[in-house]
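Taking it in order: structure first as structure tokens, then the write-up.
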Protein chains: 2
Amino acid sequence: MYPKLFTHIKKHVSLTDADEALITNKLTLTKLRKKTFILQPGKICQGNYFILKGCVRMYFVNKKLTEQITQFGLENWWLADYDSLYNQKPSTYYLQAVEDCELLLLTPQHETELISAIPQLQTYFRNMFEKSVIAAQRRIHYISSMNDEELYREFSRLFPEFIQRVPQYMLASYLGFTPQFLSRIRAKKV
Amino acid sequence: MYPKLFTHIKKHVSLTDADEALITNKLTLTKLRKKTFILQPGKICQGNYFILKGCVRMYFVNKKLTEQITQFGLENWWLADYDSLYNQKPSTYYLQAVEDCELLLLTPQHETELISAIPQLQTYFRNMFEKSVIAAQRRIHYISSMNDEELYREFSRLFPEFIQRVPQYMLASYLGFTPQFLSRIRAKKV
DNA sequence: TAAAAAAATGAATCCAGTTTAAGAAATTAA
DNA sequence: TTAATTTCTTAAACTGGATTCATTTTTTTA
């Protein structure tokens, strides 16, 4: 039913057709128009979202009342406010579709049921979190070793297709500076 | 054999005495004097370390040739350069004992063997990574919403015992500023 | 008890990034 | 197609949080 998801899972563990059917049953497909909110501050994150199609951003509003993006999600990524989800506490974030999106929602209950039925999914999710930890470790390294201009250049080098995909002001927000500054960096000769 | 570790694991999953014996067999106890290196740049991280006693820091040397601490590890934490460990690539970090330490080393091979024998350990490790992801998400939030002084004050509020435990210059390095600046913050009245 | 390491303090300085503002360009809606 | 909205660019003035350098005091270690 969701070949993109199954292909992704099978890169890590094996699945039978029966497994796939079971997984399909436990997931909820959501199609969202651009700018739709998936989560808002005060609400508890409903589950873990697998992105079949589209782009999602996670952000909060800081003291200066500007949006501060902390994370983007793209195709084949799982995304959630895990602090809210696993500790069942109100989120402080917005999750919002940046493009029209197709998401699969997996609630904690369904996740537990799935893992009981298909134990190797525990390995799959462990691998997902492992990758997230590595990504976070790298991000901390970048942040603490580069200035804002270097951050932008490194980010463009690593994800050239991505910077075409989101508005520049979102990129600036994610990287932690103003859109004007980003515009100036781009105007500069390298 | 390692009650502190077993207690920790049992907060997440159950273990039989036989399980505990098996785990004991797969771990290597290392006692380290303060300032001893556990990992150095260019080397591949040997495994995942559980800290029974002491404090460890992870750092790299930046362009200005100053030490930049990215992480501390304390009792009952697992610590490793996961990028190096799981992708088997040379590390860019130092891992060093800040105090005299007792660590348990779990190599990837032994980890695989243990998880085959005791499947619920997969759940345990999944939970550990989950917690790491949440911690990283929070850290990104702090970094992107506070200035250096606020970061320090929040950090002291959250971990008052910890700031007593490490030299100030290490704390400054972890928080991303100079020891002089930290000294100035402390001298200030709140 | 000497030596080394860590912390405090003062003063001068700085520049990476913000702010403000206004116009151009691109996208979206209707 | 046009109007409305959103996004991007550019430029000039500015700023203040944080660094640097240099010296003294305190604490830790051998």
Side-chain angles (χ1 to χ4, degrees), chain A residues 32-37 54-55 57 59 61-69 72 94 96-101 142-156 162-190, chain B residues 32-36 54-55 57 59 61-69 72 96-101 142-156 162-190:
Chain A
L32 299 170
R33 287 215 52 212
K34 185 171 172 169
K35 294 192 181 172
T36 310
F37 289 103
C55 174
R57 67 174 177 147
Y59 71 93
V61 175
N62 64 22
K63 282 175 294 188
K64 291 178 185 169
L65 303 181
T66 63
E67 297 174 354
Q68 176 72 51
I69 297 176
F72 286 104
Y94 295 88
Q96 188 193 35
V98 173
E99 307 167 351
D100 293 355
C101 282
Y142 286 136
I143 291 175
S144 54
S145 67
M146 295 178 183
N147 66 23
D148 290 358
E149 177 168 354
E150 290 167 330
L151 268 184
Y152 168 73
R153 297 208 188 279
E154 180 65 7
F155 197 81
S156 333
F162 179 72
I163 61 164
Q164 309 288 41
R165 205 169 155 179
V166 299
Q168 277 185 187
Y169 74 90
M170 286 195 190
L171 203 57
S173 167
Y174 175 74
L175 295 176
F177 47 79
T178 60
Q180 293 89 325
F181 186 63
L182 177 49
S183 194
R184 225 168 50 194
I185 294 172
R186 299 196 52 176
K188 251 206 271 189
K189 300 270 182 272
V190 187
Chain B
L32 298 170
R33 289 216 51 214
K34 186 172 173 168
K35 294 193 180 171
T36 310
C55 174
R57 66 174 177 149
Y59 72 93
V61 174
N62 65 21
K63 282 177 294 187
K64 291 178 185 170
L65 303 182
T66 63
E67 297 174 355
Q68 177 70 51
I69 297 176
F72 286 103
Q96 188 192 37
V98 173
E99 306 168 350
D100 293 354
C101 282
Y142 287 135
I143 291 176
S144 54
S145 67
M146 296 178 183
N147 66 23
D148 290 358
E149 177 168 353
E150 289 168 332
L151 268 184
Y152 168 73
R153 297 208 187 279
E154 180 65 6
F155 197 80
S156 332
F162 178 71
I163 60 164
Q164 309 288 42
R165 206 168 154 179
V166 298
Q168 276 186 191
Y169 74 89
M170 286 195 191
L171 203 57
S173 166
Y174 175 75
L175 295 175
F177 47 78
T178 60
Q180 292 91 325
F181 186 63
L182 177 49
S183 191
R184 215 152 269 147
I185 294 171
R186 300 196 53 174
K188 252 204 271 190
K189 300 269 181 270
V190 187

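Here is the naming used below: chain letters follow the sequence lines, and residue numbers restart at 1 for every chain. All figures in this text were calculated on a predicted structure; none of them were measured in a lab.
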Work out how much the helix from dT1(C)-dA30(D) to dA30(C)-dT1(D) bends between its end axes, five pairs an end, to the nearest 10 degrees.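 Inter-axis angle at the termini of the helix from dT1(C)-dA30(D) to dA30(C)-dT1(D): 70°.
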
Please report, rounded to the nearest Å, how far the [atom2] atom of [N] is from the [atom1] atom of [X].
{"X": "I185(A)", "N": "dG17(C)", "atom1": "CD1", "atom2": "P", "result": "8 Å"}
{"X": "R186(B)", "N": "dA6(C)", "atom1": "CZ", "atom2": "P", "result": "15 Å"}
{"X": "L151(B)", "N": "dG17(D)", "atom1": "CG", "atom2": "P", "result": "14 Å"}
{"X": "E99(A)", "N": "dT27(C)", "atom1": "CD", "atom2": "C1'", "result": "15 Å"}
{"X": "N147(A)", "N": "dA18(D)", "atom1": "CG", "atom2": "P", "result": "16 Å"}

What I'd like to find out is whether the side chain of E150(A) reaches to under 4.5 Å of the side chain of K63(B), using heavy atoms alone.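 Of all side-chain heavy-atom pairs linking K63(B) with E150(A), at least one is under 4.5 Å.
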
Minimum heavy-atom separation for E67(A) to S173(A), with atom names?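 Closest pair (atom of E67(A), atom of S173(A), distance): O-OG, 2.9 Å.
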
Specify the closest pair of heavy atoms between E149(A) and I185(A), including all atoms of both residues, with the distance to one decimal.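 Smallest heavy-atom distance, with atoms named: CA-CD1, 3.7 Å.
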
May I ask you to check whether F155(A) and Y174(A) place their ring centres under 6.0 Å from each other?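 Yes; F155(A) has its ring centre under 6.0 Å from that of Y174(A).
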
Check: F72(B) ring centroid to F162(B) ring centroid under 6.0 Å: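 Yes: the rings meet the under 6.0 Å criterion.
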
Reported [atom1]-to-[atom2] distance for the pair [X] and [Y], which is rounded to 0.5 angstrom:
{"X": "I69(A)", "Y": "L171(A)", "atom1": "CD1", "atom2": "CG", "answer": "8.5 Å"}
{"X": "K64(B)", "Y": "S145(A)", "atom1": "NZ", "atom2": "OG", "answer": "11.5 Å"}
{"X": "T66(A)", "Y": "Y169(A)", "atom1": "OG1", "atom2": "OH", "answer": "12.5 Å"}
{"X": "I143(A)", "Y": "S144(B)", "atom1": "CD1", "atom2": "OG", "answer": "7.5 Å"}

Heavy-atom donor-acceptor pair, R184(B) side-chain to dG17(D) base, under 3.5 Å: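 Side chain to base: no pair present.
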
In residues 163-182 of chain B, which ones come under 4.0 Å of DNA chain D, going by heavy atoms?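 F177(B), T178(B), Q180(B), F181(B), in order of number.
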
Where the side chain of S183(A) meets the backbone of P179(A), is there a donor-acceptor pair that is under 3.5 Å apart?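 Answer holds: no.
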
How would you summarise protein contacts on nucleotides 24-30 of chain D per nucleotide, using B for base, S for sugar-phosphate only and - for none, with heavy-atom distances below 4.0 Å? -----S-

Which of these, K35(B), R33(B), R165(B), K34(B), sits in a side-chain hydrogen bond (donor to acceptor under 3.5 Å, both in side chains) with E99(B)?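 Among K35(B), R33(B), R165(B), K34(B), the one that satisfies the side-chain hydrogen bond (donor to acceptor under 3.5 Å, both in side chains) with E99(B) is R165(B).
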
